Number of protein chains: 2
Amino acid sequence: MTDAPNRSVERGFAIVDELAENGGGRVSELAERLEMPVSTVHDYLRTLVATGYVTREGKEYRTTTRFLEVGHRHRHRLEIYKAVRDQLETVAAETGEHATLLIEEDDQAVILAVEEGPDAINLFAYPGARMPLHVTAPGKAMLAHLPEERVESLLEGELVSVTSRTVTDPDRLREQLETVRERGYAVDEGERIAGMVCVAAPVLDKDDRLRGAICVCGPESRLDESRRAEIGEVVERAANVTQVNLDYV
Amino acid sequence: MTDAPNRSVERGFAIVDELAENGGGRVSELAERLEMPVSTVHDYLRTLVATGYVTREGKEYRTTTRFLEVGHRHRHRLEIYKAVRDQLETVAAETGEHATLLIEEDDQAVILAVEEGPDAINLFAYPGARMPLHVTAPGKAMLAHLPEERVESLLEGELVSVTSRTVTDPDRLREQLETVRERGYAVDEGERIAGMVCVAAPVLDKDDRLRGAICVCGPESRLDESRRAEIGEVVERAANVTQVNLDYV
DNA sequence: AGAAATTTCCGGTAGAGCCGAAACACTTCT
DNA sequence: AGAAGTGTTTCGGCTCTACCGGAAATTTCT
């Protein structure tokens, strides 16, 4: 199920990954990093260029805007993206912080869109950025509304830790999820990025199926207890409006 | 040079293209469209899922946000993107129309970023959208500053026509490029999309190498002769500011 | 339930990917 | 300049792997 019956495709994307990671590369460079013969890498790069997903300038190979295109097409097809788009702007404006839209994909939280408030810059928030569900507020907001069995199998699995504050105890996480369901929004305090506080509300559709989460992030210093509650209400309201929107898009 | 020595990679991306085009697909559906045995397509899809670039929900396969991620990374690494980002916002606000940033990639014009003015919606302008250079204002703006020999070999080649107004005569194009160089900005009148007028200025760096183009588009009805000149000055100024920015990013 | 359609599994075989080695570019020394 | 070094591209034969037919399993429709 999880293994790949086609090595060439696998290696092809491994090269793409490598290019994306380092913003480009040369034949021998890639060959070394991927532990493949140079001539083989060369063959792959030629093919990738032919597909249009990779381009070369002189000796340097890079990914092309094709990825941007496919990515954007994908995003535009997601109902939730359209439904939440203007909400996100409002949230950013109202709170003055970074506002993001996330979805769950293959057991991870992925950022779909970012809207910047007048202040804040955040290097960790860009469309496509992914993170484990349990380490961040939007992830927990989503976990709280995923089917029981999926949550349990995730909590049974390995719970990685990314900062000193990351919660990795299954029981404490279960408690937190309960709190999210009661209160309506989730909070994390530097559990993914030290010094960064996130407040997030889950977005559900009319059948209560999870569709994503709306999240606001800012520096700890700016988000004290009362501010978090304020923001909690803002994201919750935005999530509710989205829920209604979802049926009319 | 242009042919692919690796069939598997080629076919893998053919499937990705197909998925991107139709927003997903099933095994037999793809098999029919690509004229491949179902079992083969099945093998490919399994591999693609393993790479993380494709996901499945039930029987339906789709592209993932991985493309968004790679695309955004690529974009952020482009100097011109950073240099022009806030300029684009200003241009959109000042003109009240759609403002876009384009670059040249493999002999095509590709949209990198879109900023919407208070009015306008434009379904044809999304990041990653690509078009032939000669059919649109930003394309001509860029053509006017590409190396002589590249321009000539392009003008020798096939010049496709996309609307009734598209200019496909090499000599007329040569004239237009000359005008662009003199005046500083390019205009197209429904040459790519009927009823749509575009005004674009090329972005050069300090060594006069072409880096991209800034473009403003709007409906013909709203953009009369004098308005176009106005916008021409706006995009030209934005391009100049960007040129300066480019050295300090 | 039965039938039809689709997906998934499996294994033998042909042919395609693979990579060593040599030829070829392009830099950087002496 | 010439030579040595570094990295790229071409080539071709061998081996392994992608390929696909067919059957089993699963889902969907009648």
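By convention in this document, chain letters (A, B, ...) are assigned in the order of the sequence lines, proteins followed by strands, and residues within each chain are numbered from 1. The basis for the numbers below is simple: all heavy atoms, side chains too, and nothing from hydrogens, waters or symmetry mates. Computed from a prediction, not measured in an experiment: that's the story for all the values here.
Nucleotide dT27(D) holds its P atom 13 Å from the NE2 atom of H42(B), rounded to whole Å. One interatomic measurement links the two molecules: CD of E35(B) to P of dC19(D), which rounds to 16 Å at whole-angstrom precision. Here the C1' atom of nucleotide dC18(C) and the CD atom of E10(A) are 16 Å apart, to the nearest Å. In this structure, E32(A) atom CD and dT6(D) atom P are separated by 13 Å, rounded to whole Å. For I15(B) and dA18(D), the CD1 to P distance is 14 Å, given to the nearest whole Å. For the pair L30(A) CG and dT9(D) P, the computed distance is 12 Å after rounding to whole Å. Atom CZ of R56(A) and atom P of dT8(D) are 10 Å apart (whole Å).
Side-chain contact between Y61(A) and V41(A) is absent, with no heavy atoms from C-beta onward closer than 4.5 Å. Looking at D107(B) and R150(B), their side chains come closer than 4.5 Å, going by heavy atoms from C-beta outward. Contact check for Y44(A) versus V9(B): side-chain heavy atoms found under the 4.5 Å cut-off. L112(B) places a side-chain heavy atom less than 4.5 Å from the side chain of R75(B). K140(A) has its side chain out of reach of L133(A): every pair of non-hydrogen atoms, C-beta onward, lies at least 4.5 Å apart.
Residue R46(A) places at least one side-chain N or O closer than 4.0 Å to OP1 or OP2 of dT10(D). Within the 4.0 Å cut-off from OP1 or OP2 of dC19(D), at least one side-chain nitrogen or oxygen of N6(A) is found. When the side-chain nitrogen and oxygen atoms of Y44(A) are compared with OP1 and OP2 of dG17(C), none of them lie within a distance under 4.0 Å.
With a 6.0 Å radius and a threshold of 12 heavy atoms from other residues, nucleotides or ligands, E32(B) has its CD atom at or below the threshold.
Taking the ring centroids of F67(B) and H74(A), they lie at or beyond the 6.0 Å cut-off.
A donor and an acceptor atom, one from each side chain of T242(B) and Q87(B), are nowhere located under 3.5 Å apart.
Taking the C1' atoms of five terminal pairs at each end of the helix from dA1(C)-dT30(D) to dT30(C)-dA1(D), the two resulting helix axes are inclined by 50°, rounded to 10°.
Without hydrogens or angle criteria, R73(B) side chain to L68(B) main chain gives no donor-acceptor distance under 3.5 Å. Remark: side-chain polar atoms of E104(A) are not paired, donor with acceptor, to backbone N or O of A109(A) under 3.5 angstrom.
Using a cutoff of 4.0 Å between basic side-chain nitrogens and carboxylate oxygens, R46(B) and D43(B) are not scored as salt-bridged.
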Distances under 3.5 Å between protein N/O atoms and the N/O atoms of nucleotides 19-23 of chain C, please, pair by pair.
{"residue": "dC19(C)", "atom": "OP2", "partner": "T40(A)", "partner atom": "OG1", "Å": "2.6"}
{"residue": "dC19(C)", "atom": "N4", "partner": "D43(A)", "partner atom": "OD2", "Å": "3.4"}
{"residue": "dG20(C)", "atom": "O6", "partner": "S39(A)", "partner atom": "OG", "Å": "3.1"}

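DNA chain D is contacted by R26(A), V27(A), S28(A) of residues 17-29 of chain A, taking any non-hydrogen atom closer than 4.0 Å.
Nearest-nucleotide positions on DNA chain D place G58(A) closer to the 5' end than the other of P5(A) and G58(A).
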